[in-house]
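When reading the values below, keep in mind they use all heavy atoms of this one structure, side chains included, and skip hydrogens, waters and symmetry mates. To find a chain, count down the sequence lines: A is the first, B the second, and so on, and within it residues start at 1.
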Amino acid sequence: MAEIELPDGSVREAPDGATVGDIAQQIGPGLAKAALVGRLNGELVDLSTPVCGRARLEIITTKSDAGLEVLRHSCAHIMAEAICSIWPQARLVYGPAVRDGFYYDIDLDTAIRPEDFDRIEAKMREIIKADTPFQRIEMNREDALQKMARDVYKTDNIQRAEGDVISFYSHGDGFQDLCRGPHVPATGRIDPKALKIMSVAGAYWHGDASEKMLQRVYGTVWRNKKELDEYLHMLEEAKKRDHRLIGRQMDLFSFHEEGPGFAFLHPKGMVIWNAIIDFWRSVHRKYGYEECKTPIILNEALWHRSGHWDNYKENMYFTTVDNVNYAIKPMNCPGGLLIYKSNKHSYREFPIRMAELGLVHRYEPSGQMHGLVRVRQFTQDDAHIFCMPEQIQQEIVGVINLVMELYRAFGFGDYHIELSTKPDKHIGSDEIWEIATSALANALKEKGIDYQLNPGDGAFYGPKIDFHIADCLKRSWQLGTIQLDFSMPERFELTYTDKDNTEKTPVMIHRAILGSLERFMGILIEHYGGHMPLWLAPEQIRVLPISDKTSDYAVAVTARLKRANLRCSTDMSSEKIGAKIAKTHGDKVPYMVVVGPKEAETDTVSVRWAGQTENIAVSVDKFISIVTEKIDDKSADVAFK
RNA sequence: GCCAACGUAGCUCAACGGUAGAGCACUGGUUUUGUAAACCAGCGGUUGAGGGUUCGAUUCCCUCCGUUGGCUCCA
């Protein structure tokens, strides 16, 4: 008899050889009906798997994430069969479940096009309707290799597979595919109304750009149609937050064929930009930073010395002036090093914290550009800290505090941190790496911050800490980075005079907090869906006269708001008030103040704010003081009470 | 860079071998309005660029440029 321990701790008996499915049936017919796979002694298995001896077993249904993942994986196989039935010459490569769906990589000379999705889906529904069982076939590695000898992809997969037993799954009309499994018991377990082919894109075999480009067909499947619809709706909503769309709607920035990858910031976008920078500067002053500015074009020799020529040439732009070769800077550090070298330094000056909003150019292959978040020209909120080794930890703590203060102010409370350590290819002694890495780790410990360790992922010149924030759609973005560098100071022979009157080499810390200002602005726009917090909003208030009978009062109110340093405009069009309000909502202006004869008489305004239909009357002075206070507090809450 | 798709008025889209059309925006006029879009008229395009096929190309073919979705890389 098999003794089966269930997740609730209870133990059941079943004849040896009873399958996972049998046991689900024994527990209850409802569960058996819902069961997709089992987790037997911690491992996911098919329902047809026999259970012997003492075992721990959990029945997995679609309710769990694991169940949904199996469902998606099985659906990938069904899609593979559908595709193979349409294009018999298609060769299958690899088809896993991924976040929100699945894909299958396929080697097929004819291109699969979006127009083909309908018939792929139709075929999939046919396969599901036939409700044929998924059957597992096992064999040893040798037999499997022999069986697949003519298939370069499956042979490769077998060679990469672990263990001695290689399994295949068959379902439908004789379709069979190499697969570790497990799978749902039968194709009919998938809701034919809950699946959708999403897209097709190229993908390199093994993710290697030198390998063949395969066709990757993406699909999604959910527990039921309702969940699919919710997912599709979520995608629609995410699309509406796209910073490229909002940037156009709100007239913040544009891109032009004349300069691919180079953003044009419009006056309204520039207001956001300057608001970010004003705040950034004030916080940096508070944290003891000075600011510098280094040239964009510098002699090529500098870049040989810095190592960029050897390591970064492919991403750089070059130019020639008077027969001398120059490079357009892709990073700010070499310029910062020259500033350091223009004076002699003492340990007494340390730490030197020198910030630079540096405009850098990096060549990006055309297919990689994306709105503001991936461009060829951007402004880094860079800084270089020069200090002694024993000052590293306190400096790192200082940077972390600065990072957290900035992120919080912009509404990003959700972030995680990664610490990357010494890679195989590195320069510098083990001792200095030890000091540097423990300084980073200790700084994080001192702040009580949890972090993820990425062993061997550091830069060749030093370990680093990366900051990743999550936006309102839970998408993760890498923003900040802190990198310890022992290489540049040596290459550039930086020195300082120590207490003992000897010349020593300082440590350099590179750090960026917002990363690229262009990208950060794009992320902010998506995070807020264009509804910027008051202190960042390009237009904070719009004054809406009821008719031109009150336009004088509207002009007077606007003038008072402007004197109070508020960003506002007046809608003097001959539209009705409802139309003015609708337009102002559309323009995502946080506050609108309606003024008519009633307000003009009492020196008040009727305030209405973003997303609300409510409005309240307050005196102009009170309105100014409340709004000013919200701006000073960087409040994200525009509610007006 | 690679694979695929797309490129029509400032924006969003239609027409898909036979003289290019709508809504919004813009301009002028009417309306003088009380809380999410009044009415009328007008302006606006060698259909991304270049070449080819055709009596005729926005439509079919080729090259280039740009954009989008992925892959690889990255702030």
Side-chain angles (χ1 to χ4, degrees), chain A residues 103 105-106 108-116 198-218 239 242 244-245 248-249 251 254-261 312 314-315 330-332 358 360 362-382 466-468 477-481 510 512-520 522-523 544-551 573-587 592-599 606-617:
Chain A
Y103 67 78
D105 281 348
I106 287 155
L108 174 64
D109 289 335
T110 47
I112 297 173
R113 297 142 58 102
E115 298 90 280
D116 300 318
M198 302 298 287
S199 64
V200 57
Y204 300 110
W205 191 30
H206 295 158
D208 181 343
S210 64
E211 290 285 4
K212 180 162 187 182
M213 175 75 58
L214 308 165
Q215 298 192 64
R216 177 169 296 178
V217 184
Y218 283 91
K239 235 174 163 175
D242 190 319
R244 295 166 299 182
L245 188 71
R248 155 145 295 300
Q249 284 170 349
D251 195 18
S254 59
F255 285 91
H256 302 271
E257 280 194 27
E258 289 81 352
Y312 211 74
E314 287 69 31
N315 291 293
M331 295 186 195
N332 305 301
V360 297
R362 297 183 185 177
Y363 171 75
E364 296 288 345
S366 59
Q368 307 187 158
M369 288 180 303
H370 181 90
L372 286 177
V373 303
R374 195 74 189 272
V375 289
R376 286 178 172 162
Q377 181 205 59
F378 59 97
T379 306
Q380 277 187 315
D381 67 322
D382 212 346
D466 290 326
F467 295 83
H468 299 251
W477 300 93
Q478 195 206 312
L479 293 184
T481 183
H510 307 243
I513 295 178
L514 306 179
S516 144
L517 286 182
E518 285 79 354
R519 160 190 254 200
F520 185 70
I523 294 167
L544 312 177
I546 293 286
S547 76
D548 50 16
K549 284 177 187 157
T550 41
S551 53
S573 68
S574 63
E575 293 289 347
K576 300 208 304 195
I577 191 65
K580 291 182 183 182
I581 287 168
K583 176 128 181 33
T584 310
H585 275 297
D587 291 345
M592 53 197 92
V593 298
V594 175
V595 293
K598 212 161 63 189
E599 286 77 16
S606 173
V607 183
R608 182 170 169 148
W609 57 97
Q612 299 300 312
T613 52
E614 196 176 347
N615 61 85
I616 62 170

> Looking at B:rA5, which nucleotide sits across from it as a Watson-Crick or G-U wobble partner, both distances under 3.5 angstrom, or is there none?
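Its partner is B:rU67.
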> Hey, does A:Q249 reach any base, or is it just sugar-phosphate, or nothing, if we go heavy atoms under 4.0 Å?
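Here A:Q249 touches no strand at all.
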> How is A:E599 classified with respect to the nucleic acid when contacts are heavy atoms under 4.0 Å: base, sugar-phosphate, or nothing?
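Since a base atom lies under 4.0 Å of A:E599, the category is base.
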> Under 4.0 Å between any heavy atoms, over every strand shown, what does A:G358 touch: base, sugar-phosphate, or nothing? Just pick one.
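Counting heavy atoms under 4.0 Å across all strands, no contact is made by A:G358.
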> Sticking with atom C1', work out how far B:rA15 lies from B:rA20, rounded to a whole angstrom.
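Those two atoms are separated by 7 Å.
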> I'd like to know if A:K583 and A:E575 make a salt bridge, using a cut-off of under 4.0 Å between side-chain N and carboxylate O.
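Between A:E575 and A:K583 there is no salt bridge, as every charged N stays at least 4.0 Å from the carboxylate O atoms.
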> On RNA chain B, check which nucleotide each of A:A209 and A:N615 is closest to and give me the residue with the more 5' one.
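So the residue in question is A:N615.
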> Can you tell me how far apart CD (A:Q478) and NE2 (A:H468) are? Round to the nearest 0.5 Å.
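Between atom CD of A:Q478 and atom NE2 of A:H468 there are 4.5 Å.
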> Expressed in whole Å, how much space separates the C1' atoms belonging to B:rC3 and B:rU46?
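Straight-line distance between the two C1' atoms is 33 Å.
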> Is any side-chain heavy atom of A:L544 closer than 4.5 Å to one of A:T584?
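Of all side-chain heavy-atom pairs linking A:L544 with A:T584, at least one is under 4.5 Å.
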> Would you say the side chain of A:R608 lies within less than 4.5 Å of the side chain of A:T613, judging by non-hydrogen atoms?
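Sidechains of A:R608 and A:T613: in contact.
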> Any non-hydrogen side-chain atom of A:I513 less than 4.5 Å from a side-chain atom of A:F467?
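When only atoms from C-beta onward are counted, A:F467 and A:I513 do not touch, as no gap falls below 4.5 Å.
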> Distance between the C1' atoms of B:rG48 and B:rA57, in whole angstroms?
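Result for the C1' pair: 16 Å, nearest Å.
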> Tell me the partner of B:rC60, counting only Watson-Crick (N1-N3 plus N6-O4 or O6-N4) or G-U wobble (N1-O2 and O6-N3) with both under 3.5 Å; none if nothing fits.
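Check on B:rC60: paired to B:rG52, both distances under 3.5 Å.
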> So A:T481, base contact, sugar-phosphate only, or nothing? Heavy-atom distance under 4.0 Å.
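Here A:T481 touches no strand at all.
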> Just to be sure I understand the rule, does A:R608 reach a base, reach only the sugar-phosphate, or reach nothing, if contact means heavy atoms closer than 4.0 Å?
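Base contact - A:R608 has a heavy atom under 4.0 Å of at least one base atom.
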> Using a heavy-atom cut-off of 4.0 Å across all strands, would you classify A:V360 as base, sugar-phosphate, or nothing?
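If one applies the 4.0 Å heavy-atom cut-off, A:V360 turns out to touch nothing in the nucleic acid.
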> Side-chain contact, heavy-atom cut-off 4.5 Å: A:Y312 with A:R362?
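Yes. Closest side-chain heavy atoms under 4.5 Å.
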> Indicate yes or no for a side-chain donor-acceptor contact from A:K580 to the backbone of A:S573 under 3.5 Å, with no hydrogens or angles considered.
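Yes, because the side chain of A:K580 sits within donor-acceptor range (under 3.5 Å) of the backbone of A:S573.
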> Once you apply a heavy-atom cut-off of 4.0 Å, does A:G596 come out as touching a base, just sugar-phosphate, or nothing?
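The residue A:G596 makes base contact.
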> Walk along RNA chain B from 5' to 3' and tell me the first and last nucleotide with an atom closer than 4.0 Å to a non-hydrogen atom of chain A.
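Contact boundaries, 5' end first: B:rG1 to B:rA75.
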> Have a look at A:P260 and say if it touches a base, only the backbone sugar-phosphate, or nothing, with a 4.0 Å heavy-atom cut-off.
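Answer is sugar-phosphate: A:P260 comes under 4.0 Å of backbone atoms only.
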> Within the structure shown, what part of the strands sits under 4.0 Å from A:H370 by heavy-atom distance: base, sugar-phosphate, or nothing?
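Sugar-phosphate, no base atom in range.
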> Provide the distance between the two C1' atoms, one in B:rU58 and one in B:rG7, to the nearest whole Å.
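11 Å, rounded to whole Å.
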> Say you pick atom C1' in B:rA49 and the same atom in B:rC13; how far apart are they, in whole Å?
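My reading of the C1' atoms in B:rA49 and B:rC13 gives 23 Å.
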> Quote, to the nearest angstrom, the P distance that separates B:rU19 from B:rG56.
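The answer is 15 Å between these two P atoms.
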> Which heavy atom of A:T550 sits nearest a heavy atom of A:P545, and at what distance?
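Looking at all heavy atoms of both residues, the shortest contact is OG1-CB, 3.9 Å.
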> Mind listing the closest non-hydrogen atom pair of A:V200 and A:Q215 along with its distance?
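What the structure gives for the nearest pair is CG2-OE1, 4.1 Å.
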> Looking only at atom P, what distance separates B:rG29 and B:rU47, rounded to whole Å?
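Those two atoms are separated by 33 Å.
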> Which part of the nucleic acid, if any, lies within reach of A:E364 when heavy atoms closer than 4.0 Å are counted: base, sugar-phosphate only, or nothing?
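If one applies the 4.0 Å heavy-atom cut-off, A:E364 turns out to touch a base.
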> Using the C1' atom as the reference point in each nucleotide, state the distance between B:rG23 and B:rC43 in Å, no decimals.
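Per the computed distance, 16 Å lies between those C1' atoms.
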> If you look at every strand shown and take non-hydrogen atoms under 4.0 Å, does A:S574 touch a base, only sugar-phosphate, or nothing?
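It contacts base atoms.
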> Just checking A:I577: base, sugar-phosphate only, or nothing, at a heavy-atom cut-off of under 4.0 Å?
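It contacts sugar-phosphate atoms only.
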> Please work out if A:R248 contacts a base, only the sugar-phosphate, or nothing of the nucleic acid, heavy-atom cut-off 4.0 Å.
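Sugar-phosphate only.
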> Scan A:R374 against the nucleic acid and name what it touches under 4.0 Å (heavy atoms): base, sugar-phosphate only, or nothing.
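Since a base atom lies under 4.0 Å of A:R374, the category is base.
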